[in-house]
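All values below were derived from every heavy atom in this structure, side-chain atoms included, with hydrogens, water molecules and symmetry-related copies excluded.
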Amino acid sequence: MMGEPDETGARSDFNFIRYKVNVPLGERAYKILIGPGLLSDAAGLLKPYVQSGRCIIVTDTNVEGYLGRDLTHLLRQAGLDAELISFEAGEASKRMDTVVELARKMVALKADRDTVLIALGGGVVGDVAGFLASIYMRGIAFVQAPTTLLAQVDSSVGGKTGVDLPEGKNLLGTFYQPRLVIADIATLATLNQQEIRNGLAEVVKYAMIKDPALFDLLEARPSDALNLEPELISHIVRTSCRIKAKVVCADEREGGLRRILNFGHTAGHAIEAASKYEMPHGEAVAIGMIVAMRLSVAKGLTNDAVLKRLERLLRSLGLPTRIPSQFQIDEIITLTASDKKSRGGRIHFVLSGGPGRAVITDDVSREEFFNAIEASKGPETLKEAASLPPSSSR
């Protein structure tokens with residue numbers, strides 16, 4: 001019988017603590033390893049999973065130069081037959097054309113069913129490479145090696161893969177679990193502030209759906225979170241992974257409970273699409289959480305004080321809480337209706353009763369949704385803007 005995900009710590013040869021979160025999904029069970037410098041020991045960590053000795057690293061053009069080539073060299077030195085392929089960085093590459101292009105490169109490299117694919121990069125790399133692994137020769141093993149905070153706390157865990165269509169985000173994809181997740185905290189040092197904030201938006205989501213103590217911690221130490229204070233960031237990644245692992249184990253294919261992981265994403269994905277994906281995912285989710293909270297207040301699930309508390313936290317982390325004025329409400333509603341979270345013609349919303357209390361419902365009228373979006377539109381007020389970090393860190 002599957003137990004709840006557990007976490008252990010063990011001292012490694014590199015004189016630091018490694019954390020392990022188990023994802024007990026029976027035959028598809030895997031471990032999430034968390035700690036600084038883990039990729040330095042990638043060959044040792046991967047060898048149990050690369051029994052043929054053959055692996056292909058998939059990355060993007062941003063990560064290729066500063067991590068991809070070094071990891072390829074390191075694996076080859078350890079005796080593994082490693083190759084590196086890449087695609088253009090950015091959300092615009094998250095499409096079927098990219099998957100086909102990568103698959104043809106793998107064929108050229110004579111990749112077979114025993115080849116293990118390694119997804120090295122952020123959320124786009126993980127989604128594209130995971131989808132590729134799930135369909136190449138009807139499925140080959142893959143390992144997630146996330147290098148952004150957003151990927152480490154969220155997208156690398158749980159087995160969701162996919163690509164976008166012009167009509168919406170992640171409309172083509174599979175549920176396909178990795179064999180291992182290697183979250184090397186040291187790779188986060190390369191991130192700019194926008195990428196850090198993107199990841200922290202997902203951390204706020206976890207606090208809102210499952211962990212009020214995590215919410216309190218973020219409120220108390222926003223600057224430490226933005227500055228990637230090592231002890232705090234390790235705790236944040238570990239806690240987020242534990243929450244997601246527990247939810248995924250209870251509902252692997254999003255039939256019920258797993259929908260709570262979409263808090264902020266219902267409106268967020270539509271806002272992201274309305275921006276033609278120019279708005280970063282984390283910023284769109286942050287605004288989406290505010291829309292969801294306004295609906296929660298309107299539904300009597302919580303009060304305005306909790307909404308204001310969430311707004312203050314997001315602003316302290318440099319995240320927006322307002323939909324840009326030029327965005328059209330009707331377009332956002334239309335895009336939301338075409339999202340994959342719509343079931344049977346009804347949109348399923350994840351609302352909140354406050355930190356740690358998520359509520360799934362399809363009982364939201366178009367008028368209520370319109371009002372929540374309208375109330376969330378417009379520029380930050382002078383008072384709100386004053387609570388944001390300086391523009392140089394935004």
Side-chain angles (χ1 to χ4, degrees), residues 153-154 158 197-220 222 225 236 239-240 242-244 246-248 250-251 254 256-272 281-317 319-323 332-333 336 339 341-343 346-377 384:
V153 301
D154 187 68
R197 294 195 304 270
N198 275 335
L200 289 174
E202 293 287 355
V203 177
V204 173
K205 175 196 77 176
Y206 285 116
M208 287 299 297
I209 64 172
K210 277 288 183 182
D211 196 336
L214 179 58
F215 194 98
D216 293 343
L217 183 62
L218 292 169
E219 278 187 319
I236 283 172
T239 301
S240 299
R242 290 187 70 190
I243 292 170
K244 186 161 189 179
K246 185 174 181 178
V247 171
V248 167
D251 177 20
E254 201 170 300
L257 177 66
R258 185 166 176 165
R259 294 179 191 176
I260 68 174
L261 298 174
N262 291 324
F263 180 68
H265 289 62
T266 306
H269 276 175
I271 293 166
E272 195 176 0
H281 176 73
E283 293 188 9
V285 167
I287 298 170
M289 286 190 281
I290 293 301
V291 173
M293 285 303 295
R294 291 190 189 281
L295 283 169
S296 302
V297 173
K299 287 289 188 183
L301 298 174
T302 188
N303 57 50
D304 196 58
V306 177
L307 167 61
K308 296 301 183 188
R309 187 181 175 199
L310 176 60
E311 286 179 321
R312 284 194 298 271
L313 174 59
L314 291 173
R315 292 187 191 117
S316 73
L317 295 172
L319 289 161
T321 62
R322 298 280 184 174
I323 302 170
I332 293 172
I333 293 175
T336 302
D339 190 84
K341 289 178 282 298
S342 177
R343 304 284 179 89
R346 297 185 68 85
I347 301 169
H348 284 79
F349 290 85
V350 184
L351 306 183
S352 175
R357 299 188 296 278
V359 178
I360 301 170
T361 182
D362 63 358
D363 183 24
V364 174
S365 69
R366 189 185 191 284
E367 181 182 6
E368 288 172 323
F369 191 29
F370 184 99
N371 291 340
I373 297 171
E374 185 175 47
S376 303
K377 282 192 67 177
E384 290 167 345

To the nearest 0.5 Å, what is the distance between CZ (F349) and CG (D362)? 9.5 Å
Could you check whether any side-chain heavy atom of V291 comes within less than 4.5 Å of a side-chain heavy atom of I332, counting everything from C-beta outward? no
Taken in chain and number order and not counting sequence neighbours, the residues that satisfy side-chain contact (heavy atoms from CB on, under 4.5 Å) with E219 are F215, D216, R309, L313
Closest non-hydrogen contact found for L351 with A292 is CD2-O, 3.6 Å
Nearest heavy atoms of L295 and A372, plus distance in Å: CG-CB, 3.8 Å
According to ring pair (Phe, Tyr, Trp, His ring centres under 6.0 Å), who are the partners of F263, at least two apart in sequence or on a separate chain? none
Please report the shortest heavy-atom distance between L319 and G282, naming the atom on each side. CD2-O, 4.2 Å
Determine whether L218 and V204 satisfy the following criterion, side chain to side chain contact (heavy atoms under 4.5 Å, CB included), listing intermediate values before the conclusion. CA-CA 8 Å; L218 292 169; V204 173; 4.0 Å; yes
Side-chain contact, heavy-atom cut-off 4.5 Å: D211 with S240? no
Exercise: identify the closest heavy-atom pair between G199 and V153: O-CG2, 3.9 Å
For R294, check side chain to side chain donor-acceptor pair (under 3.5 Å) against everything at least two apart and list the hits. E311, S376
I need the E283 CD to L314 CG distance, nearest 0.5 Å. 11.0 Å
Determine which pairs satisfy salt bridge (Lys or Arg N to Asp or Glu O under 4.0 Å) with at least one residue from residues 295-307, sequence neighbours left out, and list them in order. K299-D363, K299-E368
Please identify each residue that fulfils side-chain contact (heavy atoms from CB on, under 4.5 Å) with R258, with sequence neighbours left out. K160, F175, K244, V247, V248, D251, E254, L261
Minimum heavy-atom distance A267-T336, with the two atoms named: CA-OG1, 4.5 Å
Output for pair (M289 CE, T266 OG1), nearest 0.5 Å, gives 12.0 Å
Could you walk me through whether H265 and E272 satisfy the side-chain hydrogen bond (donor to acceptor under 3.5 Å, both in side chains) test, starting with their C-alpha distance in whole Å, then the side-chain angles of each, then the deciding distance to 0.1 Å, before giving a yes or no? CA-CA 9 Å; H265 289 62; E272 195 176 0; over 6 Å; no
Report yes if some heavy atom in the side chain of D154 is under 4.5 Å from a heavy atom in the side chain of Y206; otherwise report no. yes
Is it true that a side-chain atom of T321 and a backbone atom of I287 form a donor plus acceptor pair closer than 3.5 Å? no
Are E202 and K205 close enough, and set up right, to give a salt bridge (Lys or Arg N to Asp or Glu O under 4.0 Å), and what steps lead you there? CA-CA 5 Å; E202 293 287 355; K205 175 196 77 176; 3.0 Å; yes
Heavy-atom nearest pair, R259 first then V350, reads O-CG2, 3.0 Å
V297 meets the side-chain contact (heavy atoms from CB on, under 4.5 Å) criterion, sequence neighbours left out, with T302, L307
Tell me, do L217 and T239 make a side-chain contact under 4.5 Å, heavy atoms counted? no
Assess whether side chain to side chain contact (heavy atoms under 4.5 Å, CB included) is satisfied between M208 and M293, documenting all intermediate values. CA-CA 10 Å; M208 287 299 297; M293 285 303 295; 3.7 Å; yes
Can you confirm whether I347 sits close enough to V364 that some side-chain heavy atom of one is under 4.5 Å from a side-chain heavy atom of the other? no
Any side-chain heavy atom of R197 sitting closer than 4.5 Å to one from L317? no
Roughly how far apart are I271 CD1 and I323 CD1, rounded to 0.5 Å? 4.0 Å
Does R357 reach the side chain of L301, with side-chain heavy atoms less than 4.5 Å apart? no
Between H281 and H269, what is the ring plane arrangement, given parallel below 30°, perpendicular above 60°, and tilted in between? tilted
